[in-house]
Chemist: 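Take a look at the following structure, please.
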Number of protein chains: 2
Amino acid sequence: MFSKTTEYSIRAIIYLALNNNSKLIGVSEMASELRFPEAFLGKVLQLLVKKQLVGSIKGPGGGFYLIDSTLNLTILNIVDSLEGLEFLDKCGLGLHSCNKNNPCPIHDEYKNVSINVKKALSAKSINEIKNEIENGKRPQSFHF
Amino acid sequence: MFSKTTEYSIRAIIYLALNNNSKLIGVSEMASELRFPEAFLGKVLQLLVKKQLVGSIKGPGGGFYLIDSTLNLTILNIVDSLEGLEFLDKCGLGLHSCNKNNPCPIHDEYKNVSINVKKALSAKSINEIKNEIENGKRPQSFHF
DNA sequence: ATATTACCGGACATTAGTGTCTTTTATTTA
DNA sequence: TAAATAAAAGACACTAATGTCCGGTAATAT
């Protein structure tokens with residue numbers, strides 16, 4: 001459903017949310033905890049910094065941390081920020097002229113899918129996810 | 001949502017369903033009607049023949065036709081046949097160990113998405129879609 | 001039979017996504 | 001100030017998807 005970049009991003013953001021106790025996390029620590037290829041995670045984090053979802057500090061003791069406002073975002077917000085929601089908004093069959101008045105064969109069904117996906121992926125904020133995990137409602141170690 | 005190959009396939013199959021009056025359709029006709037790149041459509045049709053969703057006849061007057069049983073398939077069946085449904089069945093965050101007893105942060109929501117997509121894409125068979133179009137419930141010319 | 005037609009098969013080109021490696025830059029610590 | 005650390009930046013490699021091109025093969029028609 002999502003690209004690797006988006007998958008890694010979501011999991012990295014949740015990881016940072018869970019470890020946001022005023023200490024910074026390095027790429028190598030995250031990569032080994034999350035079982036991601038380290039160099040690629042580095043690139044992904046670079047992107048997240050550019051998108052202002054994550055902050056970073058260079059040098060010894062440096063690393064990454066979660067920008068506060070990112071806690072209020074939903075998974076849908078993150079997906080939107082990274083790869084856009086065109087795949088949900090465009091016609092399921094790729095027809096440019098498809099709309100309510102000129103519906104493709106699966107227009108209504110796909111519209112319903114789109115609404116449902118958006119609802120599902122915006123049901124919880126990162127902060128709510130963080131709380132669920134910290135309250136034991138979900139497993140802490142979500143790597144493989 | 002779907003790959004170009006899958007998009008083209010679905011639209012080509014519907015096109016063939018609407019023009020199944022015992023006459024064969026050539027690649028060039030389909031490509032110009034559906035506004036597809038001709039050479040690539042050729043490859044896609046080759047694939048559909050191999051998957052036995054479509055039949056073909058060589059030589060002058062030759063072309064493609066829809067295999068009868070394909071009329072009973074749903075869009076979901078076609079997607080499954082072409083790219084599989086792994087993108088719906090696997091964890092939304094790509095976690096191998098994610099399941100009901102060890103749910104990832106968006107397990108329940110994604111499960112719901114998966115069910116909803118499957119339901120939506122299997123609501124109608126190709127034959128039902130064909131009838132909807134022929135009865136004027138949907139536009140005939142679905143290209144761009 | 002032979003030329004024509006149209007799909008088949010394989011090779012190749014292009015692009016985007018994924019992933020690696022090396023150098024540079026910013027920061028801290030000694 | 002110099003050395004060490006860690007992210008940033010850029011170049012590069014690999015893979016899959018998309019797309020093109022061409023010679024081969026099967027069928028038709030003259």
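Note on naming: letters A, B, ... go to the chains in the order of the sequence lines (proteins, then strands), and numbering restarts at 1 for each one.
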Chemist: Before you tell me yes or no, could you show the steps for B/I78 and B/I126 under side-chain contact (heavy atoms from CB on, under 4.5 Å), namely the whole-Å CA-CA distance, both residues' side-chain angles and the distance that decides it to 0.1 Å?
Modeler: CA-CA 10 Å; B/I78 296 170; B/I126 297 298; 3.7 Å; yes
Chemist: May I have the distance from B/E38 (atom CD) to D/dT18 (atom C1'), rounded to whole angstrom?
Modeler: 16 Å
Chemist: Where do A/V44 and A/S9 come nearest, in terms of heavy atoms and distance?
Modeler: CG1-OG, 3.3 Å
Chemist: Mind calculating the distance between CG (B/L41) and C1' (D/dT18) to the nearest angstrom?
Modeler: 13 Å
Chemist: What are the residues of residues 77-91 of chain A, sorted by number, that bring a heavy atom to within less than 4.0 Å of DNA chain D?
Modeler: none
Chemist: Please tabulate the protein-to-nucleotide N/O contacts below 3.5 Å involving nucleotides 3-6 of chain D, giving atom names and distances.
Modeler:
residue : atom : partner : partner atom : Å
D/dT5   : O2   : A/P60   : N            : 3.4
D/dA6   : O4'  : A/G59   : O            : 3.0

Chemist: Just to verify, what does B/D68 make a salt bridge (charged side-chain N to carboxylate O under 4.0 Å, His left out) with, not counting sequence neighbours?
Modeler: none
Chemist: Specify the separation, in whole Å, of atom CG of B/L47 and atom P of D/dG19.
Modeler: 14 Å
Chemist: Could you tell me the boundaries of the chain A footprint on DNA chain C, defined by atoms under 4.0 Å from its heavy atoms?
Modeler: C/dT18 to C/dT28
Chemist: Who clusters with A/Y65? Use side-chain heavy atoms, under 4.5 angstrom, across I, L, V, M, F, W and Y, and order the result by chain and number.
Modeler: A/L24, A/I57, A/I67
Chemist: How close do B/L48 and B/I13 get, heavy atom to heavy atom, and via which atoms?
Modeler: CD1-CG1, 4.1 Å
Chemist: For A/N131, what residues pass the side chain to side chain contact (heavy atoms under 4.5 Å, CB included) criterion, not counting sequence neighbours?
Modeler: A/N127, A/E134, A/N135
Chemist: State which residues pass side-chain hydrogen bond (donor to acceptor under 3.5 Å, both in side chains) with A/T6; sequence neighbours excluded, sorted by chain then number.
Modeler: A/S3, A/E83
Chemist: Residues in side chain to side chain contact (heavy atoms under 4.5 Å, CB included) with B/K90, at least two apart?
Modeler: A/E7
Chemist: Under the side-chain contact (heavy atoms from CB on, under 4.5 Å) criterion, do A/M30 and A/L45 qualify, and how do the steps go?
Modeler: CA-CA 10 Å; A/M30 288 186 74; A/L45 286 168; 4.0 Å; yes
Chemist: Among all residues two or more places apart in sequence or in another chain, which pass the side-chain hydrogen bond (donor to acceptor under 3.5 Å, both in side chains) test with B/Q46?
Modeler: none
Chemist: Flag the pair B/K118 and B/D89 as a salt bridge only when some basic side-chain nitrogen lies within less than 4.0 angstrom of an acidic carboxylate oxygen.
Modeler: yes
Chemist: Could you list all N or O pairs between the protein and nucleotides 9-15 of chain D that sit under 3.5 Å apart?
Modeler:
residue : atom : partner : partner atom : Å
D/dA9   : N7   : A/K43   : NZ           : 3.2
D/dA9   : N7   : A/Q46   : OE1          : 3.4
D/dG10  : N7   : A/K43   : NZ           : 2.9
D/dG10  : O6   : A/K43   : NZ           : 2.9

Chemist: Starting from the 5' end of DNA chain D, give me the residue, A/S28 or B/K4, whose nearest nucleotide shows up first.
Modeler: A/S28
Chemist: Residues in side chain to side chain contact (heavy atoms under 4.5 Å, CB included) with A/S28, at least two apart?
Modeler: A/E38
Chemist: With sequence neighbours left out, write down each residue that passes ring pair (Phe, Tyr, Trp, His ring centres under 6.0 Å) with B/F87, or none if nothing qualifies.
Modeler: none
Chemist: A/F2 or B/S56: which one's nearest nucleotide on DNA chain C is closer to the 5' end?
Modeler: B/S56
